[in-house]
Amino acid sequence: MKHQTLFAAVAFAAGAAMPASAAVFTQTQDVEITPQQEAETVFVAEGRIGDLGGSATFEFDLGASTAAPADTANFAWTPNQAVALTLDYDFATGLVTFDTPGGLLTFDAPAGLEVNQLYVRVRAIRDDTVAEVEALSIDAQTVGATATAVGPDDLEVLIIAADALSDGFSLDATGLLDFDPGAAPSQSQLAFQIKAAVTENPIPEPGALAALAAGALGIGRRRRP
């Protein structure tokens, strides 16, 4: 199942009301994170099917990258059962914690990182599988978007920009993996990642998109005779 690019600011541009306190902007895409975005990532938390709780591999990890995670945990996923997740970054100390049903994972990132963007990446390779991250909130403020990949060969990246990220944050979410227990995929064939990035090109705020939308409407409008 493929998803169209979506800006949270579209409703704003169309004239829908947006609370003045809202400072969370989202965009979803069906293309992979670029090498530049990958280079701007400073830490990543991952949930994957692994080997379903066995000792040979792991289901949750946290670190500077998923290739060499600093901490891991085992967990036996139940098909289509959402689990609570919390990812915290302490601006003053650099401590990152990832609270999962498999246990609390920790990673010492650099202190003082002004994170301004999150990439929530979900991937479902096998047929009849689903990876989803939903019920997202940052410091108790609802994000209002969901990342979902439905196999076969589906990928979605939910990009989140928020003012609240820059001085440390607490991200709450639920993660879900759905699969046929009789023919379960393995390792990272069914997975989600939450990547924290410091980027020079965060997604635009609603006001900027509204101006662009208004300009586009003006270009296509004809005068009546």
Side-chain angles (χ1 to χ4, degrees), residues 24 38 40-123 130-143 145-149 157-158 160 162 164-179 184-198:
V24 178
E38 197 68 62
E40 294 168 339
T41 295
V42 289
F43 59 85
V44 56
E46 180 179 43
R48 63 177 198 154
I49 197 164
D51 66 355
L52 289 178
S55 59
T57 184
F58 53 85
E59 284 69 41
F60 290 103
D61 60 278
L62 175 67
S65 72
T66 57
D71 202 2
T72 64
N74 296 330
F75 178 67
W77 286 97
T78 299
N80 202 35
Q81 179 180 345
V83 299
L85 306 166
T86 300
L87 178 65
D88 290 325
Y89 171 62
D90 188 301
F91 182 84
T93 66
L95 178 65
V96 184
T97 59
F98 186 33
D99 194 357
T100 78
L104 184 68
L105 282 61
T106 63
F107 170 60
D108 290 319
L113 291 174
E114 294 188 357
V115 173
N116 58 1
Q117 201 146 274
L118 299 175
Y119 306 121
V120 183
R121 178 182 181 273
V122 288
R123 184 172 183 239
V130 178
E132 184 169 76
V133 178
E134 60 179 353
L136 288 146
S137 65
I138 298 172
D139 298 336
Q141 181 177 346
T142 300
V143 171
T146 297
T148 306
V157 179
L158 170 64
I160 304 170
L165 296 171
S166 61
D167 58 354
F169 62 88
S170 179
L171 174 74
D172 291 306
T174 61
L176 177 148
L177 301 181
D178 193 18
F179 53 93
S186 63
Q187 306 304 321
S188 296
Q189 293 182 329
L190 190 62
F192 57 82
Q193 298 170 345
I194 304 171
K195 297 172 178 271
V198 178

query = Are Pro101 and Leu85 side-chain neighbours, meaning at least one heavy-atom pair lies under 4.5 Å?
reply = yes
note = The residue among Leu87, Ile160, Val143, Leu136 that forms side-chain contact (heavy atoms from CB on, under 4.5 Å) with Leu118 is Ile160
task = Could you go through the side chain to side chain donor-acceptor pair (under 3.5 Å) check for Thr72 and Asp61 one step at a time?
result = CA-CA 4 Å; Thr72 64; Asp61 60 278; over 6 Å; no
task = Return the orientation label for the Tyr89 and Phe43 ring planes: parallel under 30°, perpendicular over 60°, tilted otherwise.
result = tilted
Donor-acceptor pair, side chain of Glu59 and main chain of Asp51, under 3.5 angstrom = yes
message = With rounding to the nearest 0.5 angstrom, report the CD to CD1 distance, Glu46 to Ile194.
response = 10.5 Å
request  = Could you pull out the closest heavy-atom pair between Phe58 and Asn74, with the gap in Å?
outcome  = CA-OD1, 3.4 Å
request  = Specify the closest pair of heavy atoms between Ala111 and Ala92, including all atoms of both residues, with the distance to one decimal.
outcome  = CB-O, 3.4 Å
task = Measure across Gly50 and Thr57 and return the closest heavy-atom pair with its distance rounded to 0.1 Å.
result = C-CG2, 3.7 Å
message = I need the Asp139 CG to Asp167 CG distance, nearest 0.5 Å.
response = 7.5 Å
message = If we ignore hydrogens and angles and just use 3.5 Å, is the side chain of Asp71 paired with the main-chain N or O of Thr106 as donor and acceptor?
response = yes
ask   = Between atom CZ of Phe98 and atom OG1 of Thr86, what is the distance when rounded to the nearest 0.5 Å?
value = 9.0 Å
query = Which pair of non-hydrogen atoms, one from Leu105 and one from Thr100, has the smallest distance, and what is that distance?
reply = CD1-OG1, 4.1 Å
message = Could you check whether Ser166 and Glu114, counting side-chain N and O atoms only, form a donor-acceptor pair closer than 3.5 Å?
response = no
task = Provide the closest heavy-atom pair for Gln187 versus Ile49 in the form atom of the first, atom of the second, distance.
result = O-CG2, 3.2 Å
message = I need the Asp178 CG to Gln81 CD distance, nearest 0.5 Å.
response = 11.0 Å
query = Does a side chain donor of either Thr66 or Arg48 reach within less than 3.5 Å of an acceptor in the other side chain?
reply = no
task = Please round to the nearest 0.5 Å and tell me the distance separating atom CG of Leu113 and atom CG of Leu165.
result = 12.0 Å
query = Going from CG on Leu190 to CG on Leu176, what distance comes out if it is rounded to the nearest 0.5 angstrom?
reply = 9.0 Å
request  = Would you indicate whether the side-chain heavy atoms of Glu40 and Tyr119 approach each other to under 4.5 Å?
outcome  = yes
ask   = Do Val83 and Thr174 pass the side chain to side chain contact (heavy atoms under 4.5 Å, CB included) test, and can you show the C-alpha distance, the side-chain angles, and the key distance before you say yes or no?
value = CA-CA 5 Å; Val83 299; Thr174 61; over 6 Å; no
remark   = Heavy-atom nearest pair, Ile138 first then Ala162, reads CD1-CB, 4.0 Å
